[in-house]
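Single-structure report; data block below.
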Protein chains: 2
Amino acid sequence: MRDFSRSLPMSLLRAREAVMRQFRPKLREHGLTEQQWRILRALASIEAAEVTELARTAFLLGPSLSRMLRDLEARNLIERKTAKADQRRSMVSISKEGVKLMAAVAPSSEAIYAEITQRFGARNLAALQEMLGQLEVCLASADASDEIADGA
Amino acid sequence: MRDFSRSLPMSLLRAREAVMRQFRPKLREHGLTEQQWRILRALASIEAAEVTELARTAFLLGPSLSRMLRDLEARNLIERKTAKADQRRSMVSISKEGVKLMAAVAPSSEAIYAEITQRFGARNLAALQEMLGQLEVCLASADASDEIADGA
DNA sequence: CGCATTCACTTAACATGTTAAGTAATATCC
DNA sequence: GGATATTACTTAACATGTTAAGTGAATGCG
């Protein structure tokens, strides 16, 4: 069997960990986990979003997101109100405090990203992301055909 | 701020998830999680390994590995014995049952990997892994200089 | 209308990620 | 040789990943 430490999943895992290791200490200073930061960033760019939509954007599963929203709401970093038209849906938005926290963290975060870009090379970075995107597309089509085969 | 869904961490996360989504169902059929499978695969290629060494190979943190080894030992998939020379160290090895389970799963796993390789292209795959490796190297040197700055 | 189905979200349960603290054995240093 | 530090590993505590089940609201359809 292939040397598993050279397998694609392990390569991706190690690469991502190497990247996130750069960010985590700064986020931690502000009492944020990587995932909480993802939620705030996703919310920052829009007025309000439904939970399901937010889950897709922040790439989180519903149950994880549900817990985190509860906690973030308790910390007054986000706000929720149920939609008028459909009481099942709840609209989530970032609070003033949330915006303030983002403003405090964003400069460091940007600086770290810039440092990574500089080290790896902007061109390399773009090429890498292009390949990652293509990989996703390949495998998404694999999933789709599976679903058809399963009659889903 | 950059559109965070196009950031490197998110690209890596989505790509890895797209890959692992292909494997998880088959592992699940055999009652294995992704991480348990990593442990077995890491052990399969060597006689025995210390826990710390295994953690490095399977890219798991000590506490996670400690729990998983307890469970895998209870399922008789691995074996442990403390080293004679140094009673702190415990040597971990895969059991006969573990080998049997691996033999049962490996063909499907290989087939899935081959399918991914074919879809994405062997050349693209090699190029991607090369880039991921370089990214790791870049950032590892960043960590190293941080440690020096911190006096570590 | 009534009722089964679907939908949006939450809760539950268990496994792992992550950091800190604990434990026992070994190494170091005087 | 004995106090101290370090090492290898485990436990603890809390956050998230993951699947299944639960809940209440909207939809579809007779």
Side-chain angles (χ1 to χ4, degrees), chain A residues 9 13-14 16-21 23-40 48-56 58-75 77-78 80-92 152, chain B residues 9 13-14 16-21 23-40 48-56 58-75 77-78 80-92 152:
Chain A
L13 181 59
R14 281 194 305 257
R16 186 175 140 82
E17 179 54 29
V19 173
M20 288 316 301
R21 195 196 316 282
F23 289 98
R24 265 191 280 264
K26 186 59 66 174
L27 294 178
R28 191 175 168 72
E29 281 179 22
H30 294 271
L32 287 174
T33 65
E34 172 196 337
Q35 292 83 355
Q36 291 166 346
W37 179 238
R38 289 220 300 273
I39 295 173
L40 292 184
E50 297 172 15
V51 173
T52 303
E53 182 189 355
L54 184 55
R56 191 168 33 74
F59 208 70
L60 294 166
L61 294 179
S64 294
L65 182 55
S66 203
R67 277 178 310 210
M68 294 183 225
L69 289 178
R70 168 169 49 70
D71 300 345
L72 291 175
E73 192 174 22
R75 287 168 66 181
L77 295 175
I78 65 155
R80 266 199 283 202
K81 52 184 173 186
T82 57
K84 300 170 197 82
D86 187 341
Q87 305 229 325
R88 289 171 305 183
R89 299 166 197 270
S90 100
M91 303 305 291
V92 185
Chain B
L13 182 59
R14 280 195 305 258
R16 187 175 138 82
E17 178 53 29
V19 173
M20 287 315 302
R21 195 197 315 284
F23 288 97
R24 266 192 279 264
K26 186 58 68 175
L27 293 178
R28 191 175 168 73
E29 282 179 22
H30 294 271
L32 288 174
T33 65
E34 172 197 337
Q35 291 83 354
Q36 291 167 346
W37 179 237
R38 290 222 298 274
I39 295 174
L40 293 184
E50 297 171 16
V51 173
T52 302
E53 183 189 354
L54 184 55
R56 190 168 35 73
F59 207 70
L60 294 165
L61 294 179
S64 293
L65 182 55
S66 204
R67 278 178 309 210
M68 293 183 227
L69 289 178
R70 169 168 49 71
D71 299 346
L72 290 175
E73 191 174 22
R75 287 168 67 182
L77 295 175
I78 64 154
R80 267 200 282 203
K81 51 185 174 185
T82 57
K84 300 171 196 80
D86 186 342
Q87 305 229 326
R88 290 172 304 184
R89 299 166 198 269
S90 99
M91 304 304 291
V92 185

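Per chain, numbering begins at 1; letters A, B, ... match sequence-line order. Bear in mind that the values here come from a model prediction, so they are computed numbers and not experimental data.
Each of A:K84 and B:S66 was assigned the nucleotide of DNA chain D with the nearest heavy atom; the assignment lying further toward the 5' end belongs to B:S66. Closest-nucleotide positions on DNA chain C for A:R24 and A:S90 were compared, and the one nearer the 5' end corresponds to A:S90.
Between B:E17 and B:R24 a salt bridge is recorded (basic side-chain N to carboxylate O distance below 4.0 Å). Classification of B:R70 and B:E73 as a salt-bridged pair fails, no side-chain N sitting under 4.0 Å from a carboxylate O.
Neither OP1 nor OP2 of D:dA15 sits under 4.0 Å from any side-chain N or O of A:R38. Put simply, B:T52 has a side-chain N or O that comes within less than 4.0 Å of OP1 or OP2 on D:dC9. Close to D:dT10, at under 4.0 Å from its OP1 or OP2, lies a side-chain N or O of B:R80. For D:dC9, the OP1/OP2 oxygens have no side-chain nitrogen or oxygen of B:Q87 closer than 4.0 Å. Proximity of A:Q36 to the phosphate of D:dT16: a side-chain N or O atom is located under 4.0 Å from OP1 or OP2.
Taking atom CD of residue B:E17 and atom P of nucleotide C:dT16, one finds them 16 Å apart after rounding to whole Å. Separating the CG atom of B:L72 from the P atom of C:dT16 is a distance of 8 Å, rounded to the nearest angstrom. The distance between atom CG of B:D71 and atom C1' of C:dA15, rounded to the nearest whole Å, is 8 Å. Straight-line distance from the CZ atom of B:F59 to the P atom of C:dT16: 17 Å, rounded to whole Å. Rounded to whole Å, the distance from CE on A:M20 to P on D:dT16 is 13 Å. Nucleotide C:dC9 holds its P atom 12 Å from the CD1 atom of A:I78, rounded to whole Å.
Among the nucleotides D:dT19, C:dA20, D:dG17, the one closest to the side chain of B:P63 is C:dA20.
Interatomic distance, A:S90 OG to A:K81 NZ, rounded to the nearest 0.5 Å: 11.0 Å. For the atom pair CZ (B:R80) and CZ (B:R89), the distance works out to 15.5 Å, reported to the nearest 0.5 Å.
As judged by a 4.0 angstrom heavy-atom cut-off over every strand, A:T33 is placed among residues touching the sugar-phosphate backbone only. Contact annotation for A:R28: backbone-only contact, meaning every heavy-atom pair under 4.0 Å involves sugar-phosphate atoms and none involves a base. Across all strands shown, A:L65 has no heavy atoms under 4.0 Å from either base or sugar-phosphate atoms.
Looking at A:R88, its side chain has no donor and acceptor atom pair within 3.5 Å of the base of C:dC9.
Considering only heavy atoms from C-beta on, A:I39 stays 4.5 Å or farther from A:L77 through its side chain.
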